[in-house]
Structure formats: C-alpha cells, structure tokens
Amino acid sequence: MHRNITRKIRKISYSKAIREGIDQVMQESSNLVVIGEGVPDPKSIFLTTEGLREKYGKKRVFDMPLAENGMTGICIGAAIDGTRVLMIHQRIDFALLAMDQIINNAAKWHYMFDGQMTVPIVIRVIIGRGWGQGPQHSQGLQALFAHIPGLKVIMPATAKDAKGMMITALRDNNPVIFIEHRWLHHIEDDVPEEVYGSDIDKAQVIRRGSDVTIVASSLMVMESLKVAKVLSEIDIDMEVVDLRSVRPIDINTIMQSVVKTKKIIVVDAAWKAGGIAGEIVAQVVDNGFDLLERAPLRISLPEHPVPTSHYMADYYYQDAKEIAEQVMEFFGYQGNKESIFDLLNTGYHRDVPTKNFHGPF
Amino acid sequence: MIKNVVSMTTQYPCNNSLVSDGSALTDIFRRLLRIRRIEEAIAVRYLEWNMRCPMHLSIGQEAIPVGISMHLTDKDHVFSSHRSHGHYLAKGGDLKGMVAELYGKETGCCGGRGGSMHLVDLKVGFIGSTPIVGGTVPLAVGNAWSASLKNIDRVSVIYFGDGCFEEGVLHESMNFASLYKLPVIFVCENNGYSVYTQLKERQPNRKISGIAKSHGLSVHKGDGNDVLGIASIADKAINSARNGEGPQFLEFQTYRWLEHCGQNDDDDLEYRPRRELLTWKNKCPIERLKTHIVEQCLVTEQQIDLIEHDIKTEISNAFEFASNSPEPSPAQMRNHIYAS
Ligand SMILES: Cc1ncc(C[n+]2csc(CCOP(=O)(O)OP(=O)(O)O)c2C)c(N)n1
Ligand SMILES: [Mg+2]
C-alpha cells in the first residue's frame, strides 16, 4: 500500500521562514531560548519572532536590556551550560559592542579547553540599508566575523534557506553567526512546511550557466540573478553560485563551476580590502592557478562608509545595474548597454527595498 | 500625525527665583515652543517622504535640554544620541543646517552624511550625536578629560536615555569621570521606555540615580517636564562641575509622545498602559509654563501670538532653505575618508 506523503510547499517570506524555523526547533528542543532587544515587542524583529512569547512563554522568549556585550557573555555562559540560545540584534552594527565576547569567548571556549565544552549559540544579525540608515546602521561586516576560526558564519539568501539554515544552526553545537539582510525579509520563496535542516557549510549553484561563475551572498544573490536573466539576452550565460556560508567557504562547489566557466566574478556587499571576495579569489587561484582565462573580478562597495543622504548613497551600492555594467565590461560587450539598464530599472527610488517602503527602518 | 494636546495643565509649583521674571520666562517659553513647533513641522512634512532617514522626535521632552542649555555657553560642549533634535536646537544649533541635513542636502550640518541621527554644530559647541546607544558617552567624558588636561574652563554634557543606562560603557565612563573628578554632566532623560520595552522589563526595581551615586557622582533628580525646576538643578550642577567638584548626574522623568522612531502616535499598539500618554500630555512642559506666565500676567496673548508667528516664519524659512539647497554630488561621498 502506498502512503501518499503530501509535503506541503507554499510561498512565504524570508522573515516568516525564519520564524517558522525558530518555532519548529523550539518545539523539538525545550532547552532553546530566544533573546534580544525587541523580541516580544509589537514589531517582533521584523515579524521574525511574532507570537513566540505567546506560544512558549516568558521563560523561553526574552526581551533584553540594552547591554549587548554583557548579554552576549551571559548567553555564552548559559550555552556552555547546555541552554541553547538564539540571540538577536536588529542591526549587525550593534553586535560590534559584543565582539569581545564573541571572539574571545564564544569562538574559543571549545578549543581552548580541549574540546571539553561546547557553545551552542546562534547570533542573528541584520544588515540594514536605505532610508538613510547611514554609516552606523548598515555595514556589511561579514568579513569581520568570517575571519574568526571557531565561528560558523552564514548568509542565507532565500526564504527556503533562511528556514533550513536556521534549523541547522540552532541544532549545531558551535557558535553560528546568522547574517540577514534587511532587504531580504519581504522576499517570498517556496518553503516546505515540514521541519528540514539545510547545510550551513555548502555553497549552491542557484542558476546554471557556462560563460562565467558569479559567486554572491545574501541580497547580492538576488541582484545577480536579475543580471543573469537579462544578460542571457545578449548571450552572456552566467552561472550563479549562492555562497550561503562565509565561514567555511565551500571552495569545492565554487571550483566545480570555475572548472567549467574558467572565469570568476565575486559580488560581495562589503568593502573589498580584507574581504570575502578577495578570500574567494585567493582560494580559486590557490586551487586552479592555470584554469582562469581572465583576471578575476571583485564587485564590492566603495572603500568608505555609506553616507545617509540618498543623493549620495544611491550611488554607493552595487546592485543589478552596476553588476551588469561590470559584467558587460568584463566581457568587452560593445552593444547597447542602456537597453540592458532599462530592463533592470526597478522604476522606484533606490533607497527602498519595495515601492511602498517609507522607513523608518 | 500629532493629535491635539489637551490643554488641561497642572499648576506650576516652582519656587524658583525665575518664577516672576517675565522677560526671562517668556524667553524660556519661546525656546520650548520653538523646539516643539519645529518637530511638529518635521512630523507633518515627513509624510512627503523627502526626509528619507529614521527620525526620533522628542516631542514632550523639550524641557530638559532647554533648562540645561540656559546655563551653558557656546564654549561648553554637548554630545547626544539618536533623539537629539532638542539637544541640538537648545544648544543653539543652526536650524537651517539641521533641516537641510534631514533632507540630505549639501548644506546640511554634516553635508548630508548623517541625517537626523548625526547632528553637529561646532560653532555652538554641539560636538555630535550618533545612534549607537552609549556610543557618545565615553566621548563626552574624554572631552571633559581633555579640558581638564589642558586646563580649559569648560563643561561637557552628555544626554542619554534610560535604555542607555544599561550599557556597560556608561558605567565605565562614570567610573573614570568620577576617578578624575571630570567636569562632565550626565543627563539621563528617563522616559520609561526603550523602543516598546518598559523600564521594568529591563532593569530591576532600584534607582538609576542610586547607581550613579555609588559611582561617586553628585546626583540630582527632577521632573523632566518642569523647565524651571530643571533650570535650577542645572544651574547648581553645572556650577559644581565648573568649580572642580566632579561629574554630575542629572536624572529627569519625562515622556515621549510619539512613536520611538517616526512621526506617528502609536498608542494604539498598546505597549503603554492606557491613559499613560494622556496623563503625560496633561503635564506638557510647554502648556505648563504658558499657564503660569499667562495667569501671572507675565506675558500677553499678543506676545504669545508674536512668538508663534516668529517661530512659524523661521521654520518655513528653514524648510524653504532646505528644499532649495543643492543636492550633494555623488562624488562628494568620497571626501574626508582620511584627514590630511
Ligand atoms: C548599541 C545599540 N543597541 C540597540 C540600538 C537600537 N536602539 C536605538 S534607540 C534604542 C532605545 C534607546 O532607549 P533610551 O536610551 O531609553 O532612549 P529613548 O529612545 O527612550 O530616547 C534602541 C534599543 C542601538 N541604536 N544601539
Ligand atoms: Mg527611554
């Protein structure tokens, strides 16, 4: 007799997917707590913690004093004792206050005590952008975390991964930095209803192509996919690799693609110097010095903070249009670039994620 | 939008030497009203979506910086955080520069780089505000330390909220300020909330001021909606700091009328007890002073109308200035990465 397992898949947003992942792991492990400034408040961290306090109560879902460094240490202390912790910062910039605890304690406790203890903590940090977030509320700091052995650092791009990688991260026995981009929160994707974990150490080819390998992470995956679609019309066939994890970097998946395309472009919404893009290029060269037909290209942010004023910030970010421009340049494309740009024009202001977004953050 | 204020105000209970000085009180009234009207104008025009940055308005909390700034000179230095319009304006910060900054224009007080959360006006000693909670607290202490190292007669003021009191850096800063008896004024604007979270959800039932006292600071507490009371506390505290008596900690109870960030009244979200907002609106710092000076016949209705009129003109000029100001060119964002 066949049992028909109907696996329900439906479209939900990235933030709903995160919420579902947290909810499902809270159900399966009663020693998981969630804490962060605003977790149970009416805005519930962009709806990612909505209803959790009501469902799991005040002993598992916590608001938090404004004390990022001390509270991170407190969470690490609890995690060492076997209380699994999900800690949330509304901006990655606020986690900077906690770098001592993250780097000196969370990342090293297991190692420096010879593996006798573990630190099962996930720290969610959100990269802001637009509507005048300015220099202290919108930094792409992934490289800072990825530099640290002992941390796992992930940047899911799709709602499906947001849920699956959240589940895996929460089940992991190591500190995991879960980096989200504010502009991904509203984007919907097919997400299975069931409980599933997705790899947190693997990249994934998200679009097959033969001419060039584009490695991107987080929001830049979405931008790169738009570019790939449009450039296919001028016969540039991009293979897009969703990096997913910035520590470790899954060089095998990247190399499999580069072996085929013999060209690599990395898109990383962060500063170039000392960044993830450079690290990937270095690893590609280490692993395939003879493979490359052209010098690799890194598409990153200008080497200065982002100003608040949209009159300037609009020219700071490297989105689909800027990526397309550089890819066409990379291929020496001589045709009409303006018609390509037209296809990539969103038709609304560049400092908002959606047409009707009016801040405040 | 801002709902109309209920004008049922509490009596003015201040026994201060200022209470009967008509021209001084009228001036204080003007300063308070000016900040209120500026922020109301911002709230209304925010909906045009040309001020494209997060905006933390201080409507309801105007009395604190007004009462304090009365005793500061342009040589004294002020630092602040995300909710800084009132601090900036009370210190004499240029209105046009501020509004242009909100519009992201080249003529803004930091050339459009900062927006609402990053104000500066060095001419009047407003050194800077930034939105990482606690970020500027040690800078103010460093500012006072530097003044004492250089033997400069100056006090440094740092404004922060009840939420900031939870940050470790605040306590590290108080410790050092106290150790070296630095001329710094810590001003805690206790509005009872950090975003949607009540104080009692974040701090145990003990006094904020008690902790400051334990750090060795001189502590003063007051009603943050009583501008004359604030002024007399500030007078004393600032003088003590100037006289080498060390850091001062001022805690004022007050209340934010609008949402944490943005132009709306968000009382419908019910994170605050019912009628709490109304109770505080009835303690409006501006209505309170106005009632006093009107009842004591220290000001005439015509004078008040004139003040309103002047403020209105100043505000519309500032918005016009901002609207007509040039946009910064994209290339300008590459300036000032390093000092020469
Ligand atoms: C280090 C840090 N953590 C969190 C935030 C987010 N945040 C901005 S303002 C704010 C509330 C601050 O409350 P309080 O200090 O009482 O000032 P108020 O807003 O009430 O004036 C929070 C949590 C931040 N900007 N910086
Ligand atoms: Mg507060």
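Chain letters run A, B, ... following the sequence lines, proteins first, then strands; residues in each count from 1.
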Checklist entry - Can you list the residues that meet the salt bridge (charged side-chain N to carboxylate O under 4.0 Å, His left out) rule with B:Arg334, with sequence neighbours excluded? => result none
Does a sphere of radius 6.0 Å around [atom1] in [X] hold more than 12 heavy atoms from other residues, nucleotides or ligands, not counting ones at 6.0 Å or beyond?
X: B:Glu276; atom1: CD; value: yes
X: B:Arg274; atom1: CZ; value: no
X: A:Tyr315; atom1: OH; value: no
X: A:Lys321; atom1: NZ; value: yes
X: A:Lys55; atom1: NZ; value: yes
X: A:His186; atom1: NE2; value: yes

For [X], is it the side chain, the backbone, both or neither that has a heavy atom under 4.5 Å from a heavy atom of chain B?
X: A:His358; value: both
X: A:Asn69; value: neither
X: A:Tyr316; value: both

Checklist entry - Does the side-chain contact (heavy atoms from CB on, under 4.5 Å) test come out yes or no for A:His349 and B:Arg52, once each step is laid out? => result CA-CA 11 Å; A:His349 218 286; B:Arg52 304 175 78 85; 3.3 Å; yes
Item to check | Steps toward side-chain contact (heavy atoms from CB on, under 4.5 Å) verdict (A:Leu97, B:Glu167) | outcome: CA-CA 9 Å; A:Leu97 277 70; B:Glu167 295 285 3; 3.5 Å; yes
Checklist entry - In terms of heavy-atom pairs under 4.5 Å with chain B, which of A:Met64, A:Lys43, A:Glu303 leads? => result A:Lys43
Checklist entry - Of all of A:Pro40, A:Pro42, A:Ala313, A:Gly38, which one pairs up most often with chain B through heavy atoms under 4.5 Å apart? => result A:Pro42
Among [options], single out the residue with the greatest number of heavy-atom pairs under 4.5 Å to chain A.
options: B:Leu269, B:Ile337, B:Ile132; result: B:Ile132
options: B:His118, B:Met333, B:Glu259, B:Arg202; result: B:Met333
options: B:Met117, B:Met55, B:Gln203; result: B:Met117

Would you name the heavy atoms of [X] and [Y] that are closest together and state the gap between them?
X: A:Pro65; Y: B:Glu166; value: CA-OE1, 3.3 Å
X: B:Pro54; Y: A:Pro360; value: CG-O, 3.3 Å
X: B:Cys164; Y: A:Leu66; value: N-CD2, 4.4 Å

Checklist entry - In terms of the angle between their ring planes, are B:Tyr46 and A:Trp131 parallel, tilted or perpendicular, with boundaries placed at 30° and 60°? => result perpendicular
Item to check | Student check: side-chain heavy atoms of A:Tyr311 and B:Glu106 closer than 4.5 Å | outcome: no
Roughly how far apart are [X] [atom1] and [Y] [atom2], rounded to 0.5 Å?
X: A:Asp41; Y: B:Glu201; atom1: CG; atom2: CD; value: 11.0 Å
X: B:Cys53; Y: A:Phe361; atom1: SG; atom2: CZ; value: 13.5 Å
X: A:Asp351; Y: B:Trp49; atom1: CG; atom2: CH2; value: 12.0 Å

Tell me which donor-acceptor pairs under 3.5 Å the side chains of residues 94-104 of chain B have, and how far apart each pair is, sequence neighbours excluded?
from, atom 1, to, atom 2, distance (Å)
B:Asp94, OD2, B:Gly97, N, 3.0
B:Glu101, OE1, B:Cys109, N, 3.2
B:Glu101, OE1, B:Cys110, N, 2.8
B:Glu101, OE1, B:Gly111, N, 3.3
B:Glu101, OE1, B:Gly112, N, 2.9
B:Glu101, OE2, B:Gly112, N, 3.4
B:Glu101, OE2, B:Arg113, N, 3.4
B:Glu101, OE2, B:Gly114, N, 2.8
B:Glu101, OE2, B:Gly115, N, 2.7

Next on the checklist: Working note: B:Thr130 + A:Gln136, criterion side-chain contact (heavy atoms from CB on, under 4.5 Å); need CA distance, chi angles, decisive distance, verdict.
Outcome noted: CA-CA 8 Å; B:Thr130 61; A:Gln136 296 180 327; 3.3 Å; yes
